[in-house]
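Both counts, for ligands and for their atoms, begin at 1 and track the order of listing.
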Amino acid sequence: MKKDKIAIIGLGYVGLPLARLFATKYSVVGFDINTKRISELMSGNDATLEVSDEVLQAVLVDEPSEKAGLYCTDSLEDIKDCKYYVVTVPTPVDKNNRPVLTPLIKASETVGSVLEKDDVVIYESTVYPGATEEECIPVLEKVSGLTFNQDFFAGYSPERINPGDKEHTVEKILKVTSGSTPEIGKKVDDLYKSVIIAGTHLAPTIKVAEAAKVIENSQRDINIAFVNELAKIFNLMDVNTHDVLEAAGTKWNFLPFKPGLVGGHCIGVDPYYLAQKAQEYGYNPEIILAGRRMNDSMGDYVASEVVKTMIRKDIKIKGADILILGITFKENCPDVRNTKAVDVIAALKEYGTNITIFDPWANATEVQHEYGLTSVNKLPSEKFDAVILTVAHSEFKELNFDLLKKETSVVYDVKNSLLESQKDKGL
Ligand SMILES: NC(=O)c1ccc[n+]([C@@H]2O[C@H](COP(=O)([O-])OP(=O)(O)OC[C@H]3O[C@@H](n4cnc5c(N)ncnc54)[C@H](O)[C@@H]3O)[C@@H](O)[C@H]2O)c1
């Protein structure tokens, strides 16, 4: 019988923390197609900053072994003798917001090529209900030649980590688990239970677990869309949205959501997975897509609010120098994927303004590569006609805005993280 050796397929924001955690108890092989990522990890450094060098180095082993520890590789040979395959590859959308399952299918082909009798394949990537059994399992069966639920089994355990959050780390977040049969469900649940301190919730089926994840993020998206709409309404009424939210928040069941830009590859993406599947069933989701439209409109809205505030102060718009504070999709995290700060920038460029981007967390090469934008990690020494705080990195709270402002200028706070005295306006 094979030992409980685990392969993690895809060592990104989700896969690496999970691989590290399992490696404290099990022999783990981390597999990724990105060779650069493998060498970086094997040298004991995680560029996503989710796992500290010290914690990573404590579990790394120099070669594949049967003992507890993590070995990272891009070689199929090294994952052949694993019993559990945990898939944590990206599930993005295309430019028309349609789900892209290519990484998931490719990863299933990889696993299928090494799959053996009694192995268990667990998917963690966020998908729509049905994706594991309808899209991934047929690939595993075809490539391996094995029969599902007879020769090999599957599970789904959605990831709930929150990048940049050093408090709610993977072992401290209760995890939903599921399996392709009741026995496998129990087995998958026991596996996660052995490392997740917060415990687990065994869902009755894979589809239920898939649906649970996608609605968690859709619910968040819709709630933020509602407060974004409130921000637009209260702005017209000249009422401070945050004062209203604070007052309403004193009721026990009022939910504490705040307005903002909804970026990243989870909250702004996952609702499209649910929407597409609903449409396949002939149901046209209204609330889910209305939420998406509202949140996607916020970049333009922020830009127009900044411009109006500048005009009120008689600042010439064309040729104005504007400083953007933050280009990552969220605070205290280097992830720039699907950041909505770029929507603010694109809209401001249409007004003929000059944009400078300062972000101490973002990798400038990545920003250039992804968006064709230049960003700097060092605070500029020039002065600006407008400063927009788009991301609430902790460092920005310490900034002396007087050093950044021209004599007449505007400070706009998207995140409500500055003092009233520091800003002219906010979302
Ligand atoms: N980041 C989050 O906050 C978060 C939270 C919960 C769930 N999720 C979900 O988890 C999944 C992974 O997200 P992520 O943020 O870790 O993505 P990521 O882009 O950070 O990492 C994915 C990794 O998979 C690798 N990869 C891609 N195709 C591969 C293949 N065929 N074989 C092996 N490796 C491959 C990539 O090189 C990359 O290193 C997604 O479905 C996402 O929606 C993400």
Side-chain angles (χ1 to χ4, degrees), residues 7-21 29-42 46-51 72-76 78-79 82 85-93 99-114 121-128 131-132 135-136 139-140 143 156-166 168-170 173-176 209-210 212-218 220-221 262-274 328-339 363 366 370:
I8 307 287
I9 315 296
L11 298 172
Y13 281 86
V14 165
L16 181 69
L18 186 73
R20 195 294 302 174
L21 179 64
V29 186
F31 176 89
D32 203 295
I33 48 172
N34 182 343
T35 314
K36 195 168 147 260
R37 175 79 171 150
I38 295 297
S39 10
E40 160 201 312
L41 293 176
M42 283 307 283
D46 168 26
T48 68
L49 307 179
E50 287 301 298
V51 179
C72 300
T73 182
D74 56 2
S75 162
L76 268 182
D78 296 325
I79 58 170
C82 291
Y85 292 90
V86 182
V87 179
T88 52
V89 297
T91 43
V93 287
V100 176
L101 295 182
T102 320
L104 209 52
I105 300 299
K106 292 265 174 224
S108 300
E109 285 169 2
T110 300
V111 174
S113 71
V114 291
V121 188
I122 304 166
Y123 289 87
E124 285 225 358
S125 304
T126 308
V127 287
Y128 50 73
T132 301
E135 307 294 338
C136 303
V139 176
L140 292 173
V143 178
Y156 182 80
S157 179
E159 189 48 70
R160 285 170 158 169
I161 58 145
N162 183 22
D165 184 341
K166 301 294 171 233
H168 303 100
T169 45
V170 58
I173 307 171
L174 192 140
K175 208 153 180 352
V176 172
E210 290 169 324
K213 169 67 194 182
V214 81
I215 70 157
E216 282 169 26
N217 283 352
S218 302
R220 230 182 128 63
D221 195 42
V262 181
H265 48 292
C266 288
I267 298 174
V269 166
D270 301 345
Y272 289 122
Y273 273 70
L274 182 57
T328 60
F329 92 85
K330 67 178 287 193
E331 64 279 2
N332 304 330
C333 163
D335 197 346
V336 296
R337 289 173 300 171
N338 198 27
T339 170
N363 177 322
E366 222 174 293
E370 291 257 338

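Near ligand 1, I9, G10, L11, G12, Y13, V14, F31, D32, I33, N34, T88, V89, P90, T91, P103, K106, A107, S125, T126, E159, I161, P163, K213, H265, C266, R337 each place a heavy atom less than 4.0 angstrom from the ligand.
Applying the side chain to side chain contact (heavy atoms under 4.5 Å, CB included) test between I9 and each of D32, V86, I79, T88 identifies I79 as the sole match.
Classified by interplanar angle (parallel below 30°, tilted 30° to 60°, perpendicular above 60°), the ring pair H265/Y13 is tilted.
Without hydrogens or angle criteria, E50 side chain to G164 main chain gives a donor-acceptor distance under 3.5 Å.
N162 and K330 are linked by a side-chain donor-acceptor pair at a separation below 3.5 angstrom, with hydrogens and angles left out of the test. If you check the side chains of T110 and Y85, you find no donor sitting under 3.5 Å from an acceptor.
In this structure, the side chains of M42 and R37 stay at 4.5 Å or more apart for every pair of heavy atoms.
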